[in-house]
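Scroll down for the structure; my scribbles are underneath it.
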Amino acid sequence: MPARKTPDDALDAIAARIRATVDADPPGFPHYADADTGAWTTTPDGFWTGGYWNAMLWLGGAVFDDAGMVAEARRWTERLRPRIGSESVFRGFLFYYGAALGAILHRDEDARDLALAASGRLAGDFDPRLGLIPLGAEAEEAHTVGASEANIDGLAAVPLLLFAAQSGGEPVLRDRALAHTLRSAALCVRDDGSVVQSVSLDPETGAPLRTYTHKGVSDSSTWTRAQAWAMQFLGHAGRLLPEETAPMDAALRVTDWWIDNVPNDRVAYWDFDAPIDHETRKDTSGTAIAATAILKLSETVADPDAAARYRAFAEETLLTLAACHLTPVAPRDRRPPGILTNGCFDQRSGVALANELIWGSYYLLEGLAMLAGRLESGRI
Ligand code: GLY
């Protein structure tokens with residue numbers, strides 16, 4: 001195993017990576033990168049992933065005390081404005097990470113207004129017959145399915161709606177965030193705490209018709225990012241809605257399932273049910289989402305023994321990602337520093353199977369910043 005890195009060593013590499021990306025002046029939002037050269041594949045409108053680039057800049061600006069990153073964050077956040085009305089539940093990814101973080105970390109008023117505008121439109125997509133906000137016609141996966149589908153990834157709506165609710169928004173924002181959380185968990189979290197990605201609902205009655213996957217190995221498997229997104233956003237709902245017990249109970253169940261099932265090296269394969277041989281891909285991005293969720297959970301649970309156990313697990317996972325999968329600041333390594341290698345975007349479509357994925361890099365930054373004491377846990 002490569003030498004253990006401290007959180008600060010790894011953060012130095014990530015800061016270098018953010019600055020190199022700024023200097024490269026990409027034509028669109030960084031989406032995934034070649035893990036050897038660092039060259040980014042970009043999206044013109046931010047897809048569902050672009051907000052994570054803004055988030056790296058907003059968070060990097062705070063963690064590295066770098067005004068240049070904050071100025072860049074402002075510029076990229078403005079580029080999300082045309083997406084306010086996109087018919088996609090994944091606007092939660094775009095506008096919580098891509099805009100609300102600017103308000104939370106830097107009191108940026110323009111970013112706040114953009115996040116609030118997007119949250120109002122997103123809340124308007126709540127379908128009372130389905131009991132949640134469906135995927136929406138412009139969501140990544142929606143081209144293959146109908147109008148009454150839900151994904152566990154759609155829980156990304158929750159942080160944006162709760163941000164707006166807690167920023168003076170109407171009570172309906174909080175109510176819809178809670179309803180969306182509980183309905184998504186009821187549909188996608190199995191009895192054993194594992195998570196299925198997707199569900200089709202009857203458009204008239206909302207009754208579940210089938211569960212399935214867009215990106216997992218099979219409809220009955222546990223795709224790694226389904227589990228990780230559930231951990232991240234159920235934990236977020238549990239933290240911000242402490243008066244409700246159900247979101248935190250669900251967060252604990254999906255987290256405990258991850259801890260019981262992840263491989264011994266702490267880094268998940270792309271699907272927990274993928275046949276394992278020497279070619280099976282890891283997904284460092286799903287692992288970074290999960291590790292950061294566990295770290296935040298460790299600061300939320302009341303039981304000190306559980307808190308210590310979660311913290312140790314999260315720390316071990318984040319430091320393993322840093323030691324084994326993050327390119328170092330080292331003159332003898334030809335690769336640019338700060339690339340989180342071995343992210344698996346979409347195995348079924350054969351896209352970006354062992355790459356840097358922008359959201360994986362973001363969650364590694366968030367987790368390491370908390371470990372290093374440079375970001376108050378639960379602030380984001
Ligand atoms: N649709 C979100 C993801 O691919 O993780």
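Quantities reported herein were computed from a predicted structural model and do not represent experimental measurements. Whatever order the structure lists ligands and atoms in, that order sets their numbers, starting from 1. Because only heavy atoms are used, hydrogens play no part in the values below, and waters and symmetry mates are left out as well, while side chains stay in.
Contact annotation for F47 and ligand 1: no heavy atom of the residue comes within less than 4.0 Å of the ligand. Contacts between H214 and ligand 1, counted as non-hydrogen atom pairs separated by less than 4.0 Å, are absent for every part of the residue. Neither the backbone nor the side chain of W359 has any atom closer than 4.0 Å to an atom of ligand 1 (non-hydrogen atoms only).
Put simply, OH on Y269 and NZ on K282 are 4.0 Å apart, with the number rounded to the nearest 0.5 Å. Summarising the geometry, atom CZ belonging to R79 is positioned 9.5 Å from atom CG belonging to D45; distances are rounded to the nearest 0.5 Å.
Interface of W229 with ligand 1, defined as ligand atoms under 4.0 Å from a residue heavy atom, comprises 2 (C), 3 (C), 5 (O). Atoms of ligand 1 found under 4.0 Å from any heavy atom of E140, numbered from 1 in the order shown, are 1 (N). Each of the following atoms of ligand 1 lies closer than 4.0 Å to a heavy atom of R225: 3 (C), 4 (O), 5 (O). Every atom of ligand 1 with a heavy atom of K215 under 4.0 Å away is listed here by number and element: 1 (N), 3 (C), 4 (O).
Checking side-chain atoms of D273 against main-chain N and O of T222 turns up a donor-acceptor pair under 3.5 Å. Remark: side-chain polar atoms of T327 are paired, donor with acceptor, to backbone N or O of P336 under 3.5 angstrom.
Looking from atom 3 (C) of ligand 1 to the surrounding protein, the closest heavy atom is W48 CZ2, 3.3 Å. For atom 2 (C) of ligand 1, the nearest protein heavy atom (residue, atom name, distance) is D153 OD2, 3.1 Å.
Under the 30°/60° scheme for interplanar angles, the aromatic rings of F90 and F93 are found to be tilted. Ring geometry for W359 versus W48: interplanar angle of 30 to 60°, hence tilted.
Ring centers of W76 and F29: under 6.0 Å apart, within the cut-off.
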